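Scroll down for the structure; my scribbles are underneath it.
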Amino acid sequence: MVFDPRTLDNPKEISAYRDQRYQGSVKDQEHALRTSCTLYVGNLSYYTKEDQVYELFGRSGDVRRVIMGLDRFRKTPCGFCFVEYYTREDAEVALRNISNTRLDDRVIRADWDAGFVEGRQYGRGKHGGQVRDEYRKDYDPERGGYNRVIAQK
Ligand code: GTA
């Protein structure tokens, strides 16, 4: 197991994100973030397919599974996924090499994740997709155009 000593002093250095619905203590979540083999991948196109994710992330190590993020009402991809590796080391290589590179011509962002549990594959926004898509002001054709709040005005 590779520990980065900086993260022990400042847990936010491992990831700025904390899942507000995490089932466990703050300490448990910090520990999971430091030891898990799972990455969250954001800013995907809604059109990106699971096998493209396997292909790209498989270059950094053996991928155990990919869980595509889905709109919770439509059950269609909504622009994120979780990638689980068999080892922490392979996940670290992927985070270093793939985060902020392009997939389907979009700059994707990878982040440590505390681990997938059933239900986390669904967008939590009021409209079923990701929360951040409801705050977006730009037109993003690969993520449904305008955000759905603006589109309905
Ligand atoms: N590991 O960065 C991440 C990450 N994100 C962004 C989502 N997930 C992530 N996991 C990791 N790292 O399983 C995971 C979630 C869930 C799934 C879908 O992806 O754990 P979501 O994106 O629909 O919702 O999740 P999430 O993550 O709960 O919302 P977020 O972005 O943190 O927002 C929380 C609150 O902040 C919102 O309720 C809103 O009040 C506010 N907010 C968010 N974005 C903005 C914004 N642009 N402006 C103002 N307020 C905002």
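Remember, it's 1-based here, ligands and their atoms both numbered in the order they're listed. For clarity, every value in this text was computed on a predicted model and none was experimentally measured. Any value given below was found using the heavy atoms of this structure, including those in side chains, with hydrogens, waters and symmetry copies removed.
- Counting only N and O atoms by type, the side chains of Asn43 and Arg109 include no donor and acceptor under 3.5 Å apart.
- Distance from atom 28 (O) of ligand 1 to its nearest protein heavy atom, with residue and atom name: Arg124 NH1, 3.0 Å.
- Geometrically, ligand 1 and Gln121 share no nitrogen or oxygen pair separated by less than 3.5 Å.
- Here the side chain of Arg18 pairs a donor or acceptor atom with the backbone of Ser15 at under 3.5 angstrom.
- Regarding atom 6 (C) of ligand 1, its nearest protein heavy-atom neighbour is Arg132 NH2, 3.4 Å.
- Within a 4.0 Å radius of atom 35 (C) of ligand 1, the protein contributes no non-hydrogen atoms.
- Distance remark: protein heavy atom present below 4.0 angstrom from atom 22 (O) of ligand 1.
- We find that Arg124 and Asp19 are joined by a salt bridge, their nearest charged nitrogen and carboxylate oxygen being less than 4.0 Å apart.
- Nearest residue to atom 8 (N) of ligand 1 from Tyr22, Trp112, Tyr40, Phe116 is Tyr40 (criterion: closest heavy atom).
- At the top of the distance list for atom 18 (C) of ligand 1, counting protein heavy atoms only, stands Phe80 CZ, 3.6 Å.
- The closest heavy-atom contact to atom 24 (O) of ligand 1, among the options Thr38, Asp133, Val131, comes from Val131.
- In terms of protein heavy-atom proximity, atom 3 (C) of ligand 1 is nearest to Tyr17 CG, 3.2 Å.
- Through direct or relayed side-chain contacts under 4.5 Å between Ile, Leu, Val, Met, Phe, Trp and Tyr, Phe80 connects to Tyr40, Ile67, Phe82, Phe116.
- Residue contacts with ligand 1: Arg109 is included, with a non-hydrogen atom under 4.0 Å away.
- Nearest non-hydrogen protein atom to atom 1 (N) of ligand 1 is Asp113 OD1, 2.8 Å.
- For ligand 1, the atoms closer than 4.0 angstrom to any heavy atom of Asp19 are 20 (O).
- Although no hydrogens or angles enter the test, the distance criterion places no donor-acceptor pair under 3.5 Å between the side chain of Arg120 and the main chain of Tyr22.
- Under a 4.0 Å criterion applied to the non-hydrogen atoms of Tyr122, ligand 1 contributes the atoms 18 (C).
- Counting only heavy atoms from C-beta outward, the side chains of Glu92 and Trp112 approach each other to under 4.5 Å.
- At under 3.5 Å, a nitrogen or oxygen of Asp111, whether backbone or side chain, sits near a nitrogen or oxygen of ligand 1.
- Ligand 1 places these atoms under 4.0 Å from at least one heavy atom of Arg120: 10 (N), 13 (O), 14 (C), 15 (C), 16 (C), 17 (C), 20 (O).
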Under 3.5 Å, which donor-acceptor pairs do the side chains of residues 56-64 form with other protein atoms, sequence neighbours left out?
residue, atom, partner, partner atom, Å
Arg59, NE, Glu55, OE2, 3.3
Arg59, NH2, Glu55, OE1, 2.9
Arg64, NH1, Glu84, OE1, 2.6

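- A donor-acceptor contact shorter than 3.5 Å links the side chain of Glu134 to the backbone of Lys126.
- Looking at atom 42 (N) of ligand 1, its nearest protein heavy atom turns out to be Tyr135 CE1, 3.6 Å.
- Between Asp71 and Gly129, the shortest heavy-atom contact is OD2-N, 3.7 Å.
- Between the CG atom in Leu95 and the CG atom in Asp90 there is a gap of 12.5 Å [rounded to 0.5 Å].
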